[in-house]
Every structure is written in C-alpha cells, then in structure tokens.
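Just so you know, these numbers use all the heavy atoms, side chains as well, and skip hydrogens, waters and symmetry mates. Every chain is numbered from 1, with letters handed out A, B, ... down the list of sequences.
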Protein chains: 2
Amino acid sequence: MKRVTMADVAERAGVSKSTVSQYLNQRYEYMGEETKKKIAEVIDATGYQANTLARSLKQKRTFTIGVIVANILHIFSTQVIRAIEDVCHQQDISVIVCNADDDPKKEEKYITMLRAKQVDGLIVFPTGENKTLYDQMVQERYPLVFVDRLVEGLSVDTFLLDNKAALRLAVDYLVEKQHRYIAIITTSLIRHVTPRVERISGYRIALEQHDLPIHEEYIQGVNVEDISIALAHLLALTPRPTAIIAGNDLTLMEILKSIKRDKKHIPNDFALLGIDDVAYAPLFEPPLTTIAQPAFQIGEAAARCLLEKINSESMNDRRQPGIHRFQPKLVVRASC
Amino acid sequence: MKRVTMADVAERAGVSKSTVSQYLNQRYEYMGEETKKKIAEVIDATGYQANTLARSLKQKRTFTIGVIVANILHIFSTQVIRAIEDVCHQQDISVIVCNADDDPKKEEKYITMLRAKQVDGLIVFPTGENKTLYDQMVQERYPLVFVDRLVEGLSVDTFLLDNKAALRLAVDYLVEKQHRYIAIITTSLIRHVTPRVERISGYRIALEQHDLPIHEEYIQGVNVEDISIALAHLLALTPRPTAIIAGNDLTLMEILKSIKRDKKHIPNDFALLGIDDVAYAPLFEPPLTTIAQPAFQIGEAAARCLLEKINSESMNDRRQPGIHRFQPKLVVRASC
DNA sequence: TAATGCAACTAAATCGGTTTAGTAAGAGGG
DNA sequence: CCCTCTTACTAAACCGATTTAGTTGCATTA
C-alpha cells in the first residue's frame, strides 16, 4: 500500500516528472490539452497526493508557523491562539502550538524543535529567560513576533495589552465607586513578567493620581496555591481593603473559590474586579465587573504581522519593529 | 545568514557528510575519538541544527501527529487535546491541532492537508460525513484513531464516554431526588452525532427503567441560539418539568444565561444537571451538579493507542480495533 | 534552403539529510 | 609474505518534490 509519488504519476501518464510538477503548479503556459487531460486522469485514478515535505525542502518554506505560549492555562492565551489560527487557516498556513508551562528550558526546547522543523516563523509569549536564543533569531532576521510580554533590549514586534491603562481604568472605576482601600492580588512576581509587573506599577500610578496612599501590604504577588491565603491576609489588615483587583483569570478563579468556601458576599464584604473577561463572569452571583483584554485583536494583529514578515523576507521592506499596545475595556457588571 | 547544513559541518570538520550523520545519530561504533571531538567542536562553533524535513523525507517519519476536533468550543475537546499533547510531548512528538468547526468540508481539507504534510497518524473527532476518506485511510492501514464519535461500519479504535451510563447516572440521581418530570436539552440533532444521539437514547432507557413515561416534548434538540427558547418552551409545558439535564457544556452555558436573565432560582424553579464538569460549576449559585467525563483519560488513551499503532507499523502485531468506553462520574453539588 | 522562433516538453541538478555498499589502512594469523 | 579481519571512514544512491537549462519537432521567414 505504498503511497503514489509524482514519478508514478509521470510514468503512468507517459510524461516526465517535470511536466507533472508544472501541471500541479498550474504553469500551463506551454502545455498541450492532451497532456493536461492525461495527467488529470492519472491523478484522479491513483488518488495522488503531493508530499509537502519534499516541496518544502526544495522551496525552503513549510507554510507552517509555530506558537509558543508561556502558560496555556490563561484564557488570554487560548483566545490569542484561536485568533492566530483563524488568520493562518485563511491563508492556508498551519499552526503548531506548544505550551512552555512557564519553563525556560521547555521554551528553549520548543524553539529549537520548531526551527528544526523549518517553520516559517514563530509567535512567542516569551518567558524572558532565553535572551541569547531570541537574540540569535533577531540576528538571523528570522520572522519572530512576541505577544503579552516585553523582552528588554530586543528589537522584536510585541503585541500586548496596555496594562497601565487597564489599571487606570480599574482604579478610576473603583475610586468613582467610593473605594479608598484598594488591594491587588496577582500570581507570583519572582520572575520579571511584563503583565504582572506592569499591572502592579499601573496600580501604583493610578493610586497616586487619585492622591491615595500606597499600602505595600495591599500588593500581593503569590503562587496560585497561596492566593487563598493572600486573600485572607488582606481581609485581616487594618484598614481592611474594601476592593480587590484580581490581576488575571487564574487569580480571579482562586479568589472566587475562596469566596464560595468562606461564604463571603460580594460586593458587601468587598468589591471584586477581575482582569480578563472570563466566560463565566456574567454568571457569577453577583455578575463580575472585569477589565477585558482584546485578546482576539491582539492575536490577529500578531499573526498578520508575522505573515507579513514572512512574505517580505526576500525584499528589504522591513519596518522597524515596535511595541503594539491594545486598549482594555471596562465591563461593568455588579461586583463593585 | 544562510543556515548551516550538514555538508558545511562536514567540510569544516574535514570529514564526510556520512560521518557527521553517524555522529548525530550516536552511531559511534567505529568512530575515532579525534573525529568525534572535531565534529562536536564544529557543531558548537557553527550552531548547526539539523533540518528535520530532510530527515523526515528519507525516514518517512515526521514525528508529528495531527488532531482534528469537530468543535473546539467544547471544553471536552480542549481537555482531550491537552492530554494528547502531554503524552506526545513526553515522547518528542509534535501535535498539529485543527478545528473542523463541525464542517465536513473543513474536516476533509484538514485531513488531506495533514496527510500531505506526512503526519505519522491522525486523531479525529469525526464529523461522520467523510466516510470515503476515513475508509481509504483504514484500507491503507494509516494510523488513525477516533474520539468522541462513532462512525458506523468502520473498524477504527474509538475512545469515548459511556453516554448511556452517563444518562443513567443522571436520571437515577434525579429520580432519587424525587423528580418525575425530567427534561433534556441539547444542541441540534439534525446530524447523527454520537454523544447527542446516545445521550438522548440513554435518557429514554433510563426513564423506562424507572417506569417513567417519556414525554417527547421533554426532549429538545435545538441550535445553540435557540436554547433559551427551548428552555422557555419546556417551562411552559404541563406538567412542567421539575428537572432539566443540559446535554453538554455549551447547552449548560446558554441555560445559565437564561436563568440569570430571567432571575430564575435553582433548584427551586427547577433542578439543573449538566453534562461536562465545567470549571465554573462550583462557583455558580448554587454550585452545579454535573456528570464529569474523564476527558483527560480519554485523550491519554487515544494518544497512546495512536503512538502504539505508529510504532508497530512495520510489524503485523496490530490488534483488532475496538470501541473504548469510559465511565462518567457524578459530581454532586447543589443544583438538584 | 538554412536559419529562426516557438510550443511542448524532458533531463538532471537540487534541497539536506540517511543509509548502504564499499574502501583504505593496519593488525593478526598461517 | 600473503590473506583475512577489523576499524574508521567515504561515495553515492535515495527520499519526492521543484526548477533550470536544455532538447525536439514543426512552422515561419529571410
């Protein structure tokens, strides 16, 4: 049950491999009607399917890109992936998605593996810990785009939320709702990861702009498993925070679990504002007010940017790479 | 900035391509220490990375599998994908995921495309509408595994939930809770799709076993957009159902939205039982009782089965393919 | 009538690896 | 001293496409 190759088709049609190749690539310019018909017949009869590997080897294009997300558990990641896939499939480009699990070693492995597979370009949510690797790709002018996280000192197109604006939006809204004691919980800050860092600093700036004091104890960056503890800690402080911002969807989920378990009542016990507009936000009791990231747009823009880079590879019309910030949106429901 | 090839390495190390290849494949049997060292040095200096395409072309293995899901919006799909990826990445196999969007044409396109890419095998959530294609693969003894849906008259290993058991579990529990009027809503039944069909028939059987009459009006198979209407319709019937089963996660989500909008109260207005243990089930008010599918196990088993098929390709130790049913689990919370 | 042009192909190189068959050099045995 | 064996390599075919540089036969044209 061997697969049919182009040589088989050529032989059965009584023409050369070259002619079959021309036919398949619609280069009909000087091709006889007879020949075309004959080849079409043979292809039909044999069910011939071209081997993309061979083509890619010769053409040095695989029509495949790689996506490496830092942590696929974030809703944001899955939404961005969806958008990337949509854009790519429209252009008959395949996508290989890998999850680095926030582990730089895994990230390195995947980058290497995908490049060995000769993918035409890479969209990476960088862990930030493989600068040498990133830099090497930049040097080689390999098509590369970052999402969600900035890597300092590297000239790579990066698509991410305007985190500062997101926290300004959040704090402004909470202040408007008469809150003076606003706390924030987010996942661990041990590594310098853009969204977390920027959201914290955005939080500080926004508070300052409202002339509110910054309680260092109000800023909790802890591991997912410890969020429940961090929340309890916050609620034991004096003055007790009247509003809590969940720095991302995972944090929000943990806080909600605690709330359920401890039978807290939102917004009576405290106001809650989540970053990432999770699907169940309108279903919670009370419906959750959130800051939505335009994940789809970010993914779409990143994909388009990468595909453009890939297609302009030969030409030297490369723009200077930059940082592309997307505006958050406040979705008012009832948790504040 | 041309990529370094094996020939370049060979030249710089003063050996032949063959030797470099042997080195890379750890066939050190008859290799001098000097040579090894020299090659290692050159590889290090040049940052040489093998081109997988070329290798795959010769070896007729890409170390990549394809996964085609019928509809990625189902949580079940994403969980199965995660499990497949986990298993595959452990064995250094890449995964290309495609979403057929419940469209047979798309499914066909993806199957063709992935096979053209020479993926070593395919895990498919079949739409069921491409029997000729499926059959062709079976004939060719191409490594193929189905998930979630049976295709009649085809001998392919299929991994799915024991849907009948799931509905027995659901109905048993509701009856135990004194419900006599149990309705079920699920997404459209126009196409014969295993989970929906089997869940409905499981529902009928379970009711019969409890000597409960089957109200045809209690069975609603409608499009996602019409679920809200179907729910209203059910609640207007006499006798009014006291319990409603949501046939899958998408249905459940729509029902919950309606409940919120119409300010219904669960379980006072009616009991609600969802199939698929969605992440927010414990967070809803009241926490939702669900039937959980062992999605992770299903994905894992499917992946292992496929990899086994791939590895036993040459040998003729292929077992007879079969249907692998996985047992559901009732997760009792407070919505019934 | 020889040269030119054009349509309709084909031969062979190429992509970058793997793999098979083979070779050269030195050791050991008779 | 010749033969065989082993070690340490290499040449070349091969995988299945694309692509470039021809080639062939026939109709024009000077």
Side-chain angles (χ1 to χ4, degrees), chain A residues 2-40 42-43 46-64 112-113 115-120 313-314, chain B residues 2-40 42-43 46-64 112-113 115-120 313-314:
Chain A
K2 260 189 61 204
R3 292 207 81 182
V4 185
T5 76
M6 201 162 85
D8 300 331
V9 173
E11 199 189 358
R12 285 186 56 159
V15 297
S16 74
K17 263 183 13 174
S18 328
T19 306
V20 178
S21 178
Q22 314 277 31
Y23 174 84
L24 288 171
N25 293 288
Q26 341 235 10
R27 299 196 52 74
Y28 298 137
E29 304 178 17
Y30 302 122
M31 200 176 310
E33 281 307 319
E34 280 294 286
T35 315
K36 273 196 231 175
K37 220 172 70 188
K38 188 75 213 182
I39 294 174
V42 175
I43 286 178
T46 54
Y48 167 73
Q49 262 301 123
N51 180 328
T52 308
L53 290 183
R55 167 188 299 140
S56 293
L57 180 58
K58 186 72 220 264
Q59 291 189 157
K60 293 165 172 302
R61 278 203 64 179
T62 52
F63 300 93
T64 304
T112 310
M113 186 252 269
R115 297 210 54 200
K117 271 195 188 316
Q118 312 296 115
V119 297
D120 298 334
E313 218 169 350
S314 42
Chain B
K2 260 190 64 205
R3 293 207 81 183
V4 184
T5 75
M6 203 162 84
D8 300 331
V9 173
E11 199 190 356
R12 284 186 57 160
V15 296
S16 75
K17 261 181 17 171
S18 330
T19 306
V20 178
S21 177
Q22 314 277 30
Y23 174 85
L24 288 171
N25 292 289
Q26 341 234 11
R27 297 197 53 73
Y28 298 136
E29 303 177 19
Y30 303 119
M31 202 176 308
E33 282 306 320
E34 281 296 286
T35 314
K36 274 196 234 175
K37 221 172 67 188
K38 189 74 212 176
I39 294 174
V42 175
I43 287 178
T46 54
Y48 167 73
Q49 262 300 123
N51 180 329
T52 308
L53 291 182
R55 166 188 298 140
S56 293
L57 180 59
K58 184 73 217 255
Q59 290 190 157
K60 295 167 171 300
R61 279 204 62 179
T62 51
F63 301 93
T64 303
T112 311
M113 186 252 267
R115 297 211 53 199
K117 270 195 186 319
Q118 312 298 114
V119 297
D120 297 334
E313 216 169 352
S314 43

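- With hydrogens and angles ignored, the 3.5 Å screen pairs no side-chain donor or acceptor of K60(B) with any backbone N or O of Q118(B).
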Next item on the list: Sugar-phosphate atoms are those with a prime plus P, OP1 and OP2; base atoms are the rest. Using that split, label each nucleotide of nucleotides 4-16 of chain D B, S or - for protein heavy atoms under 4.0 Å, 5' to 3'.
Entry: ---SBSBBB-BBB

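- T46(B) places a side-chain N or O within donor-acceptor distance of the main-chain N or O of V42(B), the cut-off being under 3.5 Å.
- A donor-acceptor contact under 3.5 angstrom links the side chains of T19(B) and S16(B), judged on distance only.
- Panel note: side chain T52(B), backbone A116(A); a donor-acceptor pair is recorded below 3.5 Å.
- Counting 5' to 3', DNA chain C first comes under 4.0 angstrom of a heavy atom of chain B and last does so at the ends given by dG16(C) to dT19(C).
- Note that the CE atom of M6(A) and the CG atom of D8(A) stand 10.5 Å from one another [nearest 0.5 Å].
- Going from atom CE of M31(B) over to atom NZ of K37(B) covers 15.0 Å, rounded to the nearest 0.5 Å.
- Considering CZ of R61(B) and CZ of R55(B), their distance stands at 11.5 Å, rounded to 0.5 Å.
- End-to-end axis angle for the helix from dT1(C)-dA30(D) to dG30(C)-dC1(D), using five pairs per end and rounding to 10°, comes out at 80°.
- With N51(A) contributing its side chain and L53(A) its backbone, the two residues share a donor-acceptor pair below 3.5 Å.
- If you take NZ on K117(A) and CZ on F63(B), they are separated by 8.5 Å, rounding to the nearest 0.5 Å.
- How far CD1 of I43(B) is from CD of Q49(B): 9.5 Å, rounded to the nearest 0.5 Å.
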